[in-house]
Amino acid sequence: MTAFTVALVLVVAAAGLLRWRRPAWYWLAFGVTLAALRVLVRYRSVMDACGLTVPPARWRLSLARATNRPIPEPRPPRIRRLRPTRTGLVLRLKLRPGQDVFDIAAASDRLRHSFSMFGVTSREVRSGVVEVRMTGYDVLKRVQMPAETETRAMRVPVALREDGSVHYRDYRAIPHALTLGATESGKSVYQRNLVAGLAPLDVALVGIDCKQGVELFPLARRFSALADSPDTAAELLDALVARMADVYRLIRTQQRITVDVPDAEIAADIWDLPDELRPTPVVVLLDEVAELALYATKEEEKRRDRIITALVRLAQLGRAAGIYLEICGQRFGSELGKGITMLRAQLTGRTAHRLNDETSANMAFGDISPDAVLAAIQIPAELRGLAIAGDASGGWHRIRAPHTTLRQAVNLCNRYADRAPDLPELAPFRPTTGTATELVPSAKASPATA
């Protein structure tokens, strides 16, 4: 009995230590079994308490009265599958007649408390079937990306969602995106993860960093073009607009619109072209959009209008030509001038880290979801990297990118430097990767000669 007691105490102590220091290990070792039992035992009573049951059918009531049996109890949604994951449980439910997926979504917080889980989210799989994802611990506190992720052309994993699933940046589905975040909010780390995911792919990276290149130039070996000033950025964007026109002319000559060509093979963008003719897709990373929109003189105003016009053209027409925009900034509002709202309307993907003002949150999510605006302005300052990600469909998620140091991103870009294509239109903007010149001490610091 003493040995059993000692073993039990050791197991409880180990479980407590794992729950404190390694919540993922605790979940896989103990939590998933306890949570599954808790859900199965409490399921009927919890669903009844949350108002997620329906009265029994009339024929069952009539049969119970005719046979003098007890009245049947209300019926909850039927459990089709209970699947454990590395972060929680996935419960697939078949709704009863009269139930709606919004009923499950509205009761998510009550289900979280009733089942003693950290978070509960739901989504509709198909008509009448709802998937409820429950997380057993705070997966965003210490982000650990899964070892294996889905790989696809122009689709890279960049962060982890609060329900434990991977957040992907899919350029084929969402061509252009806006990323906002105040200083020290984690926006730069998110951008590094994006570059790290794109580095192994057959894609040309183009960077615009008006802070003299301090953010993007360390990654220069993987970039096909870089600009470090508004003047250079204006010329680079004009070159991209010219490339877009050339790509459209190529698509026009290769459309193959004849009677014997199937509809699916008619070319309408670069992905419909044969592999040997398909131009290299281009991802443009713009680090600080406000720096390009500000001006103080008439000449700078002309340059600003030229830049914004080029960005709007690329956002409106660049998808079919394989040119995708990633626009980042600390501030994004209508006070940046004409054309900014038009540009925002073309940026389908929205990601907002901690912001200093509510206006930027409204610019990011005001036309998508009021709840996302509220969630964006409530991000605490101590949780760097936490962000709200949404798109024009109205859906949004809390995400957090894994911490990637600048050295890790530089090493990855150097490893895949041979994948940076040489594009003739962007050749004048190809970054030089020579060694930095050695600092020479000033004359005042040098010793005086006799």
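Values below: every heavy atom of this structure, side chains too, minus hydrogens, waters and symmetry copies.
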- Separation of Thr232 OG1 from Leu226 CG (nearest 0.5 Å): 10.5 Å
- Query: Given Arg407 and Asn411, is the side-chain hydrogen bond (donor to acceptor under 3.5 Å, both in side chains) satisfied, shown in steps?
  - Reply: CA-CA 6 Å; Arg407 169 51 60 189; Asn411 291 342; 3.2 Å; yes
- Asp231: partners by side chain to side chain donor-acceptor pair (under 3.5 Å), with sequence neighbours left out: Arg303
- Thr121 and Glu162: side-chain donor and acceptor closer than 3.5 Å? no
- Qualifying residues under side-chain contact (heavy atoms from CB on, under 4.5 Å), relative to Thr87, sequence neighbours excluded: Thr85, Tyr137, Val139
- Task: Kindly write out the residues that satisfy side chain to side chain donor-acceptor pair (under 3.5 Å) with His167, not counting sequence neighbours, or none if the list is empty.
- Result: Arg161
- Message: For Arg306, is there any backbone N or O sitting under 3.5 Å from a side-chain donor or acceptor partner on Thr309?
- Response: no
- Task: Answer yes or no: does atom OH of Tyr295 have more than 12 heavy-atom neighbours from other residues, nucleotides or ligands under 6.0 Å?
- Result: no
- Query: Is the backbone N or O of Thr183 less than 3.5 Å from a side-chain atom of Arg354, with the two atoms forming a donor-acceptor pair by type?
  - Reply: yes
Sequence neighbours excluded and cut-off under 3.5 Å, please list the side-chain donor-acceptor pairs for residues 322-329, or say none.
unit_1: Tyr324; atom_1: OH; unit_2: Trp271; atom_2: NE1; d: 3.0
unit_1: Glu326; atom_1: OE2; unit_2: Arg169; atom_2: NE; d: 2.4
unit_1: Glu326; atom_1: OE2; unit_2: Arg169; atom_2: NH2; d: 3.0
unit_1: Glu326; atom_1: OE2; unit_2: Tyr171; atom_2: OH; d: 3.1

- Mind checking side-chain contact (heavy atoms from CB on, under 4.5 Å) for Pro146 and listing every partner two or more places apart, or none if nothing turns up? Arg86, Thr149, Leu160, Val166
Can you give me every donor-acceptor pair (side chain of residues 275-284, partner residue at least two apart or in another chain, under 3.5 Å) with its distance?
unit_1: Asp275; atom_1: OD1; unit_2: Arg278; atom_2: NH1; d: 3.1
unit_1: Asp275; atom_1: OD1; unit_2: Arg278; atom_2: NH2; d: 3.2
unit_1: Arg278; atom_1: NE; unit_2: Ile270; atom_2: O; d: 3.0
unit_1: Arg278; atom_1: NH2; unit_2: Leu273; atom_2: O; d: 3.1

- Query: Roughly how far, to the nearest 0.5 Å, is OG of Ser116 from CE of Met134?
  - Reply: 11.0 Å
- Query: Sub-3.5 Å donor-acceptor pair from the side chain of Arg331 to the main-chain atoms of Ala290, do we have one?
  - Reply: no
- Message: Restricting to side-chain contact (heavy atoms from CB on, under 4.5 Å), what partner residues turn up for Leu406, sequence neighbours left out?
- Response: Arg192, Pro218, Leu219, Val410
- Look only at the side chain of Ser185 and the backbone of Ala182, and say whether a donor-acceptor pair between them is shorter than 3.5 Å. yes
- Query: Would you say Arg304 has more than 12 foreign heavy atoms packed within less than 6.0 Å of its CZ?
  - Reply: yes
- Message: Asp228: which residues meet the side chain to side chain donor-acceptor pair (under 3.5 Å) condition with it, sequence neighbours left out?
- Response: none
- Query: With no hydrogens and no angle check, is any side-chain donor or acceptor of Asp103 less than 3.5 Å from a backbone partner on Asp100?
  - Reply: yes
- Hey, what do you get for CD1 (Ile399) to CD1 (Ile388), rounding to the nearest 0.5 Å? 8.0 Å
- Message: Does anything in residues 127-136 form a side chain to side chain donor-acceptor pair (under 3.5 Å)? List the pairs, not counting sequence neighbours.
- Response: Arg92-Glu131, Arg123-Glu131
- Residue pairs passing the ring pair (Phe, Tyr, Trp, His ring centres under 6.0 Å) test where at least one lies in residues 342-368, sequence neighbours excluded: Tyr190-His353
- Item | Asp209 side chain vs Val214 backbone, donor-acceptor pair below 3.5 Å | yes
- Just by distance, do the side chain of Arg350 and the backbone of Leu347 share a donor-acceptor pair under 3.5 Å? yes
- First locate atom CG of Leu236, then atom OG of Ser229, and finally report the distance between them rounded to the nearest 0.5 Å. 10.5 Å
- Donor-acceptor pair, side chain of Arg38 and main chain of Phe115, under 3.5 angstrom: yes
- Got a donor-acceptor contact below 3.5 angstrom from the Glu291 side chain to the Glu288 backbone? no
- Message: Using 0.5 Å steps for rounding, measure from the NZ atom of Lys187 to the CG atom of Leu355.
- Response: 10.5 Å
- Item | side-chain contact (heavy atoms from CB on, under 4.5 Å) involving Arg152 - partner list, sequence neighbours excluded | Glu150, Arg155, Asp170
- Message: Using the side chain to side chain donor-acceptor pair (under 3.5 Å) criterion, which residues pair with Arg384? Sequence neighbours excluded.
- Response: Glu184
- Task: Before accepting this row, confirm whether a basic side-chain N of the pair Asp109/Arg112 lies closer than 4.0 Å to the acidic partner's carboxylate O.
- Result: yes
